[in-house]
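Since the structure comes first, as structure tokens, the remarks are kept for the end.
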Amino acid sequence: MAATTSRTLELLSLLQSHRHWTAHELVDRLGVSERTLRRDVERLRELGYGIESLRGVAGGYRLEAGTGLPPLLLSDDEGVAIAVGLRSQATAGLRGAEHTTLSALAKIEQVLPPALRRRIEALQSHAAGPLPAAGRDGRPVPAVDSELLGLLALACRDAERLRFRYTDANGGETARSVEPHRLVPIARRWYLLAWDRERDDWRTFRVDRVAEVFQTRVRFEPRPMGEEEARERVERATRYRRSSATARIVVALPRAELAEHLGWWGRELETVDAGHCAWPLEADSVEALAMALVWLPRGAAYAVEGDELRALLAEEARRFAAAAG
């Protein structure tokens, strides 16, 4: 019975991970006969899962969208991702659905292993705010290993010293011994703010350049620093590294109106007067600055302050006019 249950759950996991399986593929994966496969499919149907049987040469099985919501099988990383998302939504307040958000979170967390619950709690309490889906230049957020983020967040929460290898912007590798303080997302990247023990000062590390992390199990006394101060420190450190081009865009809109339109990217807007505001831009290149201009509301007048960007816009304006005939 235990083997049958385990095999049936494995079949369910396969059906949930792939849109369509041929009967031959499932037989090979599960190591059973076609007759046994058909029995396991029937067991899942009795539990409420809609499984469609397809006939013919390319026939097989696929999971249908049902009228109800049967139980889901989640991997460790999927469970962490869903729980962190629900916690963030519960904190932000999902209008009209606060109770259902909290009840769904409770159901997931009560069945998670203690190690995964610790990872979720650490990510939630020691990661400063969400990472935007795309940068000012429109590029997607670089992927960072969730297990590494969880490990760093646990070290921040538990005040545990870490050792790791770090690759700097020039490709040089160094061994670091640090006292981690907080994870901060800035401009499409995750950063770790930590006290570097050998340099006797605060340092900012880009998480996707961190490797070979060693947990020392040695505790330290955390240095006092609030979330806002930590974010400001990381922003100052990364601004110098990442910015090779700057400009200032004066827009003929009140600050509040443009801030609502830009969302997260409008956090640094400056008020000029009642009908105008300024948007300071920083990027790796002047081309990336130009791409940010398409984010402005259609029809809003604006002026560009910055010689490099103005020169690029003048050149591209001639090319656009020629392309338009």
Side-chain angles (χ1 to χ4, degrees), residues 76-77 80-81 83-84 87-88 91 112-132 135 141-244 267-268 282-284:
D76 287 355
D77 284 345
V80 169
V84 168
R87 278 195 176 194
S88 298
T91 301
L112 287 175
L116 292 186
R117 284 202 298 272
R118 290 180 65 245
R119 190 197 303 180
I120 293 167
E121 291 166 359
L123 275 171
Q124 199 70 18
S125 62
H126 283 79
L131 193 66
V141 176
V144 175
D145 181 51
S146 62
E147 186 173 348
L148 174 60
L149 273 180
L151 188 154
L152 295 177
L154 283 173
C156 292
R157 190 198 68 176
D158 298 339
E160 177 187 352
R161 289 178 183 169
L162 295 177
R163 294 204 301 267
F164 54 76
R165 297 199 65 78
Y166 186 70
T167 304
D168 62 26
N170 298 319
E173 285 193 5
T174 52
R176 301 299 184 100
S177 175
V178 304
E179 297 175 354
H181 178 74
R182 198 164 193 85
L183 287 166
V184 180
I186 298 290
R188 316 189 317 275
R189 307 278 186 182
W190 278 106
Y191 293 90
L192 172 67
L193 178 64
W195 182 265
D196 193 310
R197 299 182 64 241
E198 294 191 6
R199 290 157 180 79
D200 199 31
D201 198 0
W202 290 104
R203 289 292 186 270
T204 299
F205 302 96
R206 226 174 75 179
V207 172
D208 58 310
R209 293 177 176 169
V210 172
E212 300 178 25
V213 178
F214 177 74
Q215 297 172 272
T216 65
R217 309 299 182 190
V218 176
R219 300 293 188 263
F220 63 89
E221 185 65 29
R223 290 169 171 77
M225 182 185 297
E227 180 176 335
E228 284 302 315
E229 184 182 352
R231 174 176 287 279
E232 290 172 3
R233 187 179 288 273
V234 173
E235 286 182 338
R236 286 198 303 269
T238 57
R239 182 176 294 119
Y240 170 76
R241 298 175 192 173
R242 72 176 187 266
S243 300
S244 59
R267 68 195 188 284
E268 296 179 353
E282 300 175 354
D284 298 334

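Residues passing the salt bridge (Lys or Arg N to Asp or Glu O under 4.0 Å) test with E173, sequence neighbours excluded: R165. In terms of the side chain to side chain contact (heavy atoms under 4.5 Å, CB included) criterion, residue partners of V213 (sequence neighbours excluded) are, by chain and number, L148, L151, L162, F164, V210. With sequence neighbours excluded, the residues satisfying side chain to side chain contact (heavy atoms under 4.5 Å, CB included) with D201 are W195, R203. For R163, there are no side chain to side chain donor-acceptor pair (under 3.5 Å) partners two or more places apart in sequence or in a different chain. Residues meeting the side chain to side chain contact (heavy atoms under 4.5 Å, CB included) test with F220, sequence neighbours left out: A159, R161, E179, P180, P222.
Remark: the backbone N or O of R206 is paired with a side-chain donor or acceptor of Y166 at under 3.5 angstrom.
Residues L193 and R233 share a closest heavy-atom pair of CD1-CD, 3.7 Å. Of all the heavy atoms in F205 and A194, the pair that sits closest is CE1-CB, 4.1 Å.
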Query raised in the report: Under the salt bridge (Lys or Arg N to Asp or Glu O under 4.0 Å) criterion, do R176 and D196 qualify, and how do the steps go?
Result: CA-CA 7 Å; R176 301 299 184 100; D196 193 310; 3.0 Å; yes
Requested in this report: Evaluate the criterion side-chain contact (heavy atoms from CB on, under 4.5 Å) for residue pair L192 and C156; output intermediate values, then yes/no.
Outcome: CA-CA 9 Å; L192 172 67; C156 292; 3.8 Å; yes
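Here the CZ-OH distance, from R231 to Y191, works out to 12.0 Å after rounding to the nearest 0.5 Å. R199 CZ to T174 OG1: the interatomic distance, rounded to the nearest 0.5 Å, is 5.5 Å. Between W202 atom CH2 and R236 atom CZ the span is 12.0 Å, to the nearest 0.5 Å. Note that CG of L152 is 10.5 Å distant from CD of E160, once rounded to the nearest 0.5 Å.
Counting only heavy atoms from C-beta outward, the side chains of H181 and R223 never approach each other to under 4.5 Å.
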